[in-house]
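Computation of the quantities below employed the complete heavy-atom set of this structure, encompassing side-chain atoms and omitting hydrogens, waters and symmetry-equivalent molecules. Numbers here are sequence positions counted from 1. Every value quoted in this text rests on a predicted model; they were computed, and no experiment measured them.
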Amino acid sequence: MIDLHVRAKRMKRGGRDSDHNSSEEGTAEKSKKLRTTNEHSQTCDWGNLLQDIILQVFKYLPLLDRAHASQVCRNWNQVFHMPDLWRCFEFELNQPATSYLKATHPELIKQIIKRHSNHLQYVSFKVDSSKESAEAACDILSQLVNCSLKTLGLISTARPSFMDLPKSHFISALTVVFVNSKSLSSLKIDDTPVDDPSLKVLVANNSDTLKLLKMSSCPHVSPAGILCVADQCHGLRELALNYHLLSDELLLALSSEKHVRLEHLRIDVVSENPGQTHFHTIQKSSWDAFIRHSPKVNLVMYFFLYEEEFDPFFRYEIPATHLYFGRSVSKDVLGRVGMTCPRLVELVVCANGLRPLDEELIRIAERCKNLSAIGLGECEVSCSAFVEFVKMCGGRLSQLSIMEEVLIPDQKYSLEQIHWEVSKHLGRVWFPDMMPTW
């Protein structure tokens with residue numbers, strides 16, 4: 001009886017174990033089928049993704065990777081040729097012998113011109129220092145007869161290679177875009193042989209839409225040529241040019257009632273031949289009229305002059321907001337900056353000399369109430385004067401870039417103490433910049 005009873009209990013327990021094992025086997029089989037189904041659906045989904053999703057992914061891919069991805073399936077290839085993908089494009093034109101940068105493959109350029117030139121709207125060209133790359137850019141421009149560009153940028157990544165081209169060849173290619181676009185709003189053609197007649201073509205076809213024009217270092221343009229642009233393009237909001245193109249007439253044209261308020265005016269004041277470049281003077285009344293019309297304009301001036309060439313500048317009040325001195329500038333000139341630039345927001349001085357700029361910095365702090373950024377390179381300032389300057393400006397100094405070599409310890413502050421004192425007046429931790437030792 002005992003043996004039968006024990007055997008019965010074992011059989012009963014064995015039945016439960018069998019049922020449990022069967023249940024586990026069933027669950028495992030279901031999981032396997034579900035996993036197989038999911039894997040199958042995921043595999044199919046890559047080819048059946050919505051084209052809008054693929055389009056957004058393709059926009060982040062380099063051109064060559066995008067071309068490879070277009071060969072995956074028919075759906076992806078259709079997305080590759082959608083107009084939205086070709087509205088914004090950057091041609092990178094580099095010669096292997098002169099540049100280590102990647103270049104847009106010539107076969108891809110042919111396909112773009114053949115199939116997508118009419119879709120292009122926001123186009124830029126990046127060329128290296130070789131004449132061949134600049135010629136290639138002009139060749140592409142001359143073929144854009146069916147496009148209507150909204151922005152065009154010609155960018156020299158090294159020296160200005162467009163200047164090596166025959167002027168007639170460059171102008172012929174550029175005017176193709178000017179004539180056919182009709183709606184250019186942004187044009188960046190720094191360091192190119194553009195001239196007055198080509199600007200007239202630009203104005204004749206795009207005067208109602210042009211808002212941004214950057215054309216620094218364009219030696220074939222005259223003050224009359226840029227004045228023509230200002231007279232006709234009343235929607236112009238940003239302008240960049242060399243100082244020799246700036247005139248009283250230009251400022252008055254930009255101040256007319258028909259013209260919108262200018263937001264950004266950049267002027268490069270450059271001297272290539274010391275002592276041989278004559279810089280004219282702009283009348284104070286012209287600056288005053290300009291500021292009355294555009295009171296919030298950013299007037300950015302880059303100076304690359306020798307000391308003896310600064311005489312025409314900072315003799316009376318000018319509305320400069322950003323000043324950059326790329327070469328050595330004297331104490332006298334910086335002192336005049338403090339007296340004549342009350343709108344100054346940013347000041348960068350690359351070099352000055354061995355005479356401390358204590359009084360000049362204090363004067364700038366007193367008169368330039370909007371100053372929020374300053375950078376000093378090869379200059380000298382006593383620690384006491386620098387602390388006083390920071391104390392006067394206070395927390396509005398959002399950018400304070402001063403090399404440690406600039407600061408001269410005195411009886412009041414050492415280099416170790418100045419860190420804490422400046423940080424206290426700024427309301428944040430500050431350290432002077434250190435010169436790399438490698």
**Nearest heavy atoms of I374 and L361, plus distance in Å** = CD1-CD2, 3.7 Å
**Prompt:** Any donor and acceptor pair, going by atom type alone, linking the side chain of S185 with main-chain N or O of K150 inside 3.5 Å?
**Reply:** yes
**Request:** Using the side-chain hydrogen bond (donor to acceptor under 3.5 Å, both in side chains) rule, take S217 and D190 through it: C-alpha gap first, then chi angles, then the decisive distance, then the call.
**Result:** CA-CA 6 Å; S217 301; D190 298 324; over 6 Å; no
**Request:** To the nearest 0.5 Å, tell me how far S117 OG sits from Q111 CD.
**Result:** 12.0 Å
**Item:** Distance, nearest 0.5 Å, that separates OG of S186 from CD of E238
**Value:** 8.0 Å
**Prompt:** Centre of W86's six-membered ring, under 6.0 Å away, within 45 degrees of the axis: is that where NZ or CZ of R66 sits?
**Reply:** yes
**Asked** Can you tell if the side chain of L210 reaches within under 4.5 Å of the side chain of L236, non-hydrogen atoms only?
**Response** yes
**Request:** Could you check if a side-chain atom of F279 sits within less than 4.5 angstrom of a side-chain atom of D311, using non-hydrogen atoms only?
**Result:** no
**Request:** Taking all heavy atoms of R237 and all of R261, pick out the closest pair and write down the distance.
**Result:** NH1-O, 4.1 Å
**Message:** In the structure I gave you, are the side-chain heavy atoms of L245 and Y243 within less than 4.5 Å of one another anywhere?
**Reply:** no
**Request:** Return yes if some donor-acceptor pair links the side-chain N/O of S294 with the main-chain N/O of I291 below 3.5 Å, else return no.
**Result:** no
**Request:** Determine, step by step, whether F325 and F304 satisfy the ring pair (Phe, Tyr, Trp, His ring centres under 6.0 Å) criterion, reporting the C-alpha distance in whole Å, the side-chain angles of both residues, the deciding distance to 0.1 Å, and the verdict.
**Result:** CA-CA 6 Å; F325 295 97; F304 297 89; 9.8 Å; no
**Fill in**
Here the pair of heavy atoms bringing L120 nearest to L149 is O-CD2, 3.5 Å
**Message:** With a 4.5 Å cut-off on side-chain heavy atoms, are V345 and L371 touching?
**Reply:** no
**Asked** Which of parallel (below 30°), tilted (30 to 60°) and perpendicular (above 60°) describes H116 and H81?
**Response** parallel
**Request:** For N206 and K182, indicate whether the former's side chain and the latter's backbone hold a donor-acceptor pair under 3.5 Å.
**Result:** yes
**Item:** Any side-chain donor near an acceptor of the partner, S216 and D268, under 3.5 Å
**Value:** yes
**Asked** Would you call L174 and F162 a side-chain contact if the rule is heavy atoms closer than 4.5 Å?
**Response** no
**Prompt:** Does a salt bridge link D288 with R292, judged by any charged N lying under 4.0 Å from a carboxylate O?
**Reply:** no
**Under 3.5 Å side-chain donor-acceptor pair for D139 and Q143** = yes
**Interatomic spacing from CG in L85 to CZ in F80 - rounded to 0.5 Å** = 7.5 Å
**Prompt:** Which heavy atom in K258 sits nearest to a heavy atom in H234, and how many Å separate them?
**Reply:** O-CB, 3.4 Å
**Asked** Does a donor on one side chain and an acceptor on the other come within less than 3.5 Å for E378 and N352?
**Response** no
**Message:** Please tell me whether S148 and S183 have a donor and an acceptor in their side chains that are separated by less than 3.5 angstrom.
**Reply:** yes
**Request:** Rounded to the nearest 0.5 Å, what's the gap from OG1 on T151 to CG on L212? Could you check?
**Result:** 9.5 Å
**Asked** What closest approach, in Å, do L252 and A289 show between heavy atoms, and which atom pair accounts for it?
**Response** CD2-CB, 4.0 Å
**Message:** Has H419 got a side-chain atom pairing as donor or acceptor with W430's backbone, closer than 3.5 angstrom?
**Reply:** yes
**Request:** Mind running side-chain contact (heavy atoms from CB on, under 4.5 Å) on L357 and E380 for me, showing each step along the way?
**Result:** CA-CA 6 Å; L357 298 176; E380 287 192 0; over 6 Å; no
**Asked** Does the cation-pi check pass for R336 over F313, that is, NZ or CZ under 6.0 Å from the six-membered ring centre and within 45° of its axis?
**Response** no
**Prompt:** Is there a donor-acceptor pair closer than 3.5 Å between any side-chain N or O of H119 and the backbone N or O of C88?
**Reply:** no
**Prompt:** What's the spacing between F386 CZ and I402 CD1 if we round to 0.5 Å?
**Reply:** 4.5 Å
**Prompt:** So, S133 versus Q95: side-chain donor-acceptor pair below 3.5 Å or not?
**Reply:** yes
**Whether S330 side chain and V333 backbone form a donor-acceptor pair below 3.5 Å** = yes
**Heavy-atom side-chain proximity of L202 to L187 below 4.5 angstrom** = yes
**Message:** Just by distance, no angles: are the side chains of D191 and S156 close enough, under 3.5 Å, to form a donor-acceptor pair?
**Reply:** no
**Message:** Are there over 12 heavy-atom neighbours, none belonging to K331, within less than 6.0 Å of that residue's NZ?
**Reply:** yes
**Message:** Do M339 and R363 make a side-chain contact, defined as non-hydrogen atoms from C-beta onward lying under 4.5 Å apart?
**Reply:** yes
**Fill in**
Note: L323 and V337 closest approach over all heavy atoms is CD1-CG1, 3.7 Å
**Prompt:** Does R266 make a cation-pi contact with Y302, if we ask for NZ or CZ under 6.0 Å from the ring centre and within 45° of the axis?
**Reply:** yes
**Message:** Can you classify the ring geometry of F125 versus F91 as parallel (below 30°), tilted (30 to 60°) or perpendicular (above 60°)?
**Reply:** parallel
**Message:** Between L165 and K131, is the side-chain contact (heavy atoms from CB on, under 4.5 Å) condition met? List the steps.
**Reply:** CA-CA 7 Å; L165 301 178; K131 182 178 178 181; 3.9 Å; yes
**Asked** Is the shortest heavy-atom distance from the side chain of S401 to the side chain of L376 under 4.5 Å?
**Response** no
**Item:** Side chains of E309 and S271, donor plus acceptor under 3.5 Å
**Value:** yes
**Prompt:** With the threshold set at 4.0 Å, does a side-chain nitrogen-carboxylate oxygen contact exist between R159 and D164?
**Reply:** yes
**Prompt:** Hey, what do you get for CG (L407) to SG (C383), rounding to the nearest 0.5 Å?
**Reply:** 5.0 Å
**Message:** Tell me whether H280 contacts the main-chain N or O of L246 through its side chain, where contact means a donor paired with an acceptor under 3.5 Å.
**Reply:** yes
**Item:** Lys/Arg N to Asp/Glu carboxylate O, E92 vs K126, below 4.0 Å
**Value:** no
